[in-house]
Amino acid sequence: MKAAVTTSPSVGPPLWLLLELTYRCPLQCVFCYNPIDFAKVEDELTTGEWLRVLREARALGSVQLGLSGGEPLVRDDVEQIAAEAHRLGYYTNLITSGVGLSRERLSELKRVGLDHIQLSFQDSTREMNDFLSHTRTFELKKRCAEWIKSHGYPMVVNCVIHRLNIDHLDTIIDMAVQMGADYLELANTQYYSWAHLNREHLLPSREQLQRAERTMLEWRERMKGKMRILFVVPDYYEQRPKRCVNGWGTTLATIAPDGTALPCHTARMLPGLSFPNVRTKGMREIWFQSEAFNKFRGFGWMKEPCASCEEREKDLGGCRCQAYLLAHDPAVADPVCSKSPHHQVVLAALDRAQQPQVPEAPLIFRRRENSSRLA
Amino acid sequence: MTQADRPSMRPGFRLQWEEVQKAYVLLYPEGMVKLNTSAAEILRRCDGERSVDEIVADLESAFNRKGLQGDIEQFLQLARAQGWLSAAVS
């Protein structure tokens with residue numbers, strides 16, 4: 001059977017498994033990375049199908065598990081899924097806006113072995129949080145933070161940063177401190193999906209970014225040993241691309257709500273790839289043998305300047321989705337790279353971000369009607 | 001950290017053997033570190049019950065070697081700086 005082996009033995013296990021349990025979400029965040037056409041997906045996997053995915057991936061070596069969405073708590077089987085995950089030996093992270101959480105659900109999640117909860121905020125004030133998510137959720141989130149803490153979980157707070165809230169960074173960090181956060185993730189928006197649609201509104205100016213970094217560094221010094229602060233700069237302001245998802249098909253497997261298996265959570269937008277589905281294929285076959293997971297493994301797919309670049313092993317040519325969104329070809333260098341022949345596109349977007357004017361086109365909220373209209 | 005401290009893993013951190021990787025890994029919120037054998041053997045003993053002195057004695061006896069104290073204390077310091085271990089409780 002040697003001839004049937006189609007992948008190099010160097011392909012490691014999908015250590016990281018991300019289950020996007022649903023695209024349904026009560027929030028309508030303008031920077032959401034879910035597909036713009038999410039409204040087309042209605043046929044979510046059943047509880048039994050999710051449990052089978054968990055078992056198959058665990059046998060392959062998956063160990064870090066993300067339960068995400070959409071808002072995963074929209075489903076009433078998160079407790080069942082978390083229980084099976086714990087039994088199988090996963091370290092389970094629930095990534096939630098807090099909407100749908102109650103003291104009772106939290107106690108049950110704790111009891112069945114959920115390891116960690118990451119709670120997202122949109123801003124430090126009720127007005128901005130509720131505006132950016134287009135919901136009245138701020139007070140609820142603060143209550144959730146108290147419950148999470150009182151259940152003995154490490155408190156991990158995530159706030160997505162962009163042009164409209166970056167100037168409030170000081171009060172955002174202060175809020176996290178007041179909540180007793182152990183970790184604060186301040187991740188600048190990266191420009192995919194809804195964030196890409198709304199980019200002109202969301203990309204901060206260089207001055208905003210530098211000011212924010214100074215604020216963050218002061219807090220990091222002040223909170224040393226008490227709270228860790230992670231700060232992620234927008235790719236557009238970097239000179240070299242990120243090693244996206246640690247390399248295509250090397251570490252991460254994302255399963256979309258309808259069972260589509262993806263090498264990263266935004267890969268669904270890439271044209272010319274047929275992604276396998278867990279309803280018809282096993283995880284082993286998907287990970288090792290599917291065309292989609294093999295497509296950008298290694299270096300064979302690279303074009304110049306990546307193919308002969310001395311840094312290719314470091315960044316693997318950057319992000320395939322960004323290459324597609326900005327240069328219309330998923331196999332070219334990520335245009336964020338200053339060596340990319342398409343880098344001008346990024347520079348032009350940055351130029352516009354230094355202007356003070358508000359864009360003419362309105363912000364587009366991530367809601368079902370907009371998704372159906374734009375699909 | 002003093003020799004009487006009883007180090008324990010920080011809440012949310014879990015040490016576990018992974019058969020596929022043939023290694024111990026340390027799991028924590030959204031992260032994972034693959035440990036070499038000596039790191040894993042030390043961390044396994046950080047249960048909040050044993051003092052640093054007891055951990056040293058235990059490892060010296062288990063591996064039939066003397067003079068491990070310096071290396072072990074150095075690693076515990078690193079583990080604390082990484083935030084893997086709880087604040088000192090003696």
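Proteins get letters first, then strands, A, B, ... in listed order; numbering begins at 1 in each. Values in this document were obtained by computation on a predicted structure and should not be read as measured data.
- Listed here is the closest heavy atom pair of A/G89 and B/R14: O-NH2, 3.3 Å.
- Nearest heavy atom pair, residue A/R228 against residue B/A81, reads NH2-O, 3.0 Å.
- Residue A/K142 qualifies as open at atom NZ: its count of foreign heavy atoms under 6.0 Å is 12 or below.
- The minimum heavy-atom distance between A/A59 and B/V20, with the atom names listed, is O-CG2, 3.9 Å.
- Contact check for B/L27 versus A/V63: side-chain heavy atoms found under the 4.5 Å cut-off.
- Within a 6.0 Å radius of NZ in A/K242, more than 12 heavy atoms belonging to other residues, nucleotides or ligands are found.
- Using modelled atom types, one side-chain atom of A/Y91 and one backbone atom of B/G12 make a donor-acceptor pair closer than 3.5 Å.
- Contact tally against chain A (heavy-atom pairs below 4.5 Å) for B/E19, B/Q21, B/E18, B/M32: the top residue is B/E18.
- B/Y28 has its side chain out of reach of A/P154: every pair of non-hydrogen atoms, C-beta onward, lies at least 4.5 Å apart.
- Annotation: A/R103, atom CZ; neighbour count of heavy atoms from other residues, nucleotides and ligands within 6.0 Å does not exceed 12.
- In summary, of the residues considered (A/L230, A/V156, A/N158), a side chain to side chain contact (heavy atoms under 4.5 Å, CB included) with B/E30 occurs for A/V156 alone.
- In this structure, the portion of A/Y183 lying under 4.5 Å from any heavy atom of chain B is its side chain and not its backbone.
- There is no contact between A/I95 and chain B, counting heavy-atom distances below 4.5 Å.
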